[in-house]
Amino acid sequence: MAEEASEKLGGKIEIDVMRPVQAYDVSGRARAMATLIQGLAQAKEAGIDPDAALRLVNWGRDDGAF
């Protein structure tokens with residue numbers, strides 16, 4: 001579409017197809033972060049080491065996930 005629009009309008013046209021997807025995903029990422037924080041708080045209350053809990057789901061310090 002951008003190529004055809006560029007030909008018809010006589011200038012370079014770029015169409016951003018990622019920004020709308022990222023904007024749509026913001027609420028999902030916020031919910032995921034809230035769930036993660038809540039889970040870590042519950043683990044701490046239960047006496048579970050948060051680092052150990054993160055390692056259980058492959059989010060340890062040395063696994064490159066941070």
Side-chain angles (χ1 to χ4, degrees):
M1 286 178 50
E3 190 175 311
E4 184 177 340
S6 295
E7 289 174 12
K8 289 183 178 182
L9 298 173
K12 183 173 179 170
I13 303 295
E14 293 182 9
I15 299 174
D16 184 356
V17 297
M18 292 306 296
R19 192 170 306 159
V21 173
Q22 291 168 347
Y24 176 77
D25 191 42
V26 168
S27 62
R29 292 188 325 181
R31 280 192 304 276
M33 180 60 120
T35 302
L36 177 64
I37 291 170
Q38 182 181 16
L40 288 172
Q42 289 174 340
K44 187 174 181 179
E45 286 175 9
I48 298 170
D49 176 23
D51 287 332
L54 288 172
R55 281 192 303 274
L56 287 173
V57 293
N58 198 30
W59 278 17
R61 292 193 186 278
D62 297 324
D63 65 3
F66 288 126

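Just so it is clear, the values below take in all heavy atoms, side chains as well, and ignore hydrogens, waters and symmetry mates. No experiment lies behind these values; they were computed from the predicted model shown.
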Non-neighbouring partners of Ala52 that pass side-chain contact (heavy atoms from CB on, under 4.5 Å), sequence neighbours left out
Asp49, Arg55
Partners passing side-chain contact (heavy atoms from CB on, under 4.5 Å) against Met1 (at least two apart in sequence or in another chain):
Ile15
Taking all non-hydrogen atoms of both residues, which atom of Ile13 and which atom of Ala2 are closest, and how far apart?
O-CB, 3.3 Å
Rounded to the nearest 0.5 Å, how far does CE of Met33 lie from CD1 of Ile37?
5.0 Å
Side-chain atoms of residues 39-47: list all donor-acceptor pairs with protein atoms under 3.5 Å, sequence neighbours left out, distances to 0.1 Å.
none

Pairs involving residues 2-12, ordered by first then second residue, that meet salt bridge (charged side-chain N to carboxylate O under 4.0 Å, His left out) (sequence neighbours left out):
Glu4-Lys8, Lys12-Glu14
